[in-house]
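Just below is one structure, and these are the notes that go with it.
Bear in mind the structure is a predicted one, so any value in this text is a computation, not a measurement.
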Amino acid sequence: VQLVESGGGVAKSGGSLRLSCVASGRFFNTYSIGWFRQAPGKEREFVAAIAYRDGSTYYAESVQGRFTVSRDNGNQTGYLEMNTLKPEDTAVYYCAAGTLPTREPRRYVYWGQGTQVTVSS
């Protein structure tokens, strides 16, 4: 499975962006999708995840209520809708695929290359 993110860019505080994660390869619908982000000088942190089995979603407390994770198995694409963006959301965002929708990055097998999100105040 190969993952390619897109949709990053520059947004103003309070604005919105939608990230996409397109997968190539087989069995996309058997992988849970996780979204992570990494700001300069900081560790990679969990943002959101969606389970493959029942579509259950999970969020970091810092994005709960502002971000929405979803997936389209037919198009082999995962999405992260980001609303009410804040400057502290600035980071490189990564999507990842794994068996479980866990908060632990080491549990994910496949990773995208990342897309930069910058939120200006």
Side-chain angles (χ1 to χ4, degrees):
V1 175
Q2 291 184 316
L3 305 174
V4 179
E5 302 99 333
S6 63
V10 180
K12 292 184 178 180
S13 182
S16 300
L17 286 173
R18 188 193 197 199
L19 305 184
S20 298
C21 173
V22 179
S24 60
R26 302 175 66 185
F27 309 121
F28 172 78
N29 61 337
T30 65
Y31 287 100
S32 296
I33 300 297
W35 288 91
F36 293 81
R37 66 187 181 186
Q38 189 167 18
K42 295 187 176 181
E43 293 186 355
R44 190 168 298 189
E45 65 172 354
F46 171 79
V47 175
I50 182 166
Y52 80 89
R53 189 181 299 274
D54 59 4
S56 297
T57 57
Y58 306 87
Y59 298 93
E61 188 175 330
S62 59
V63 306
Q64 181 78 48
R66 300 189 296 122
F67 291 11
T68 302
V69 61
S70 61
R71 62 190 297 158
D72 180 344
N73 288 338
N75 289 318
Q76 298 206 151
T77 303
Y79 300 98
L80 184 67
E81 182 77 32
M82 306 185 295
N83 298 314
T84 319
L85 284 164
K86 303 177 181 180
E88 51 264 44
D89 294 320
T90 295
V92 177
Y93 283 71
Y94 300 88
C95 67
T99 303
L100 297 174
T102 175
R103 298 169 183 262
E104 295 293 330
R106 61 187 176 91
R107 298 287 188 179
Y108 290 86
V109 178
Y110 304 102
W111 288 84
Q113 83 289 351
T115 185
Q116 176 71 47
V117 171
T118 302
V119 183
S120 61
S121 57

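Grouped with Val47 in one hydrophobic cluster are Leu17, Leu19, Phe28, Ile33, Trp35, Ile50, Tyr59, Val63, Phe67, Val69, Leu80, Met82, Leu85, Tyr93, Val117, Val119, the linkage being side-chain heavy-atom contacts under 4.5 Å among Ile, Leu, Val, Met, Phe, Trp and Tyr residues. Through side-chain heavy atoms spaced under 4.5 Å, either directly or across other Ile, Leu, Val, Met, Phe, Trp or Tyr residues, Val4 is tied to no other residue.
The side-chain contact (heavy atoms from CB on, under 4.5 Å) search around Ala51 returns Ser32, Asp54, Ser56, Pro101, not counting sequence neighbours. Legend: residues meeting side-chain contact (heavy atoms from CB on, under 4.5 Å) with Ser16, ordered by chain and number and at least two apart, are Asn83. Listed by chain and residue number, Gln116 satisfy the side chain to side chain donor-acceptor pair (under 3.5 Å) test with Thr118 (two or more places apart in sequence, or in another chain). Tyr94 pairs by the side chain to side chain donor-acceptor pair (under 3.5 Å) definition with nothing, not counting sequence neighbours. Under the side chain to side chain donor-acceptor pair (under 3.5 Å) criterion, Asn29 pairs with no residue at all, not counting sequence neighbours. Every residue two or more places apart in sequence or in another chain that forms a side chain to side chain donor-acceptor pair (under 3.5 Å) with Glu45 is listed here: Arg37. Judged as a ring-ring contact (aromatic ring centres under 6.0 Å, His included), and not counting sequence neighbours, Phe27 has no contacts. Qualifying side-chain contact (heavy atoms from CB on, under 4.5 Å) partners for Thr77, counting only residues two or more places apart in sequence or in other chains: Ser20, Val22, Asn75, Tyr79.
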Chi angles and distances behind the side-chain contact (heavy atoms from CB on, under 4.5 Å) call for Thr102, Tyr58: CA-CA 9 Å; Thr102 175; Tyr58 306 87; over 6 Å; no
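Here the shortest heavy-atom pairing between Tyr108 and Ala49 reads OH-CB, 3.8 Å. Across every non-hydrogen atom of Ala91 and Ala39, the tightest pair is CB-N, 3.8 Å.
Here Thr84 contributes atom OG1 and Lys86 contributes atom NZ; the two are 8.0 Å apart, rounded to the nearest 0.5 Å. Taking CD of Gln2 as the start and CD of Gln76 as the end, the distance is 12.0 Å to the nearest 0.5 Å. Going from atom OH of Tyr52 over to atom CG of Asn73 covers 11.5 Å, rounded to the nearest 0.5 Å.
Counting only residues at least two apart or on different chains, the salt bridge (Lys or Arg N to Asp or Glu O under 4.0 Å) pairs with a member in residues 62-82 are Arg18-Glu81, Arg66-Asp89. Pairs engaging residues 90-121 under the disulfide (SG to SG under 2.5 Å) rule: Cys21-Cys95 [sequence neighbours left out].
Aromatic rings of Tyr110 and Tyr31 (six-membered ring for Trp) have centroids within the 6.0 Å cut-off, being under it.
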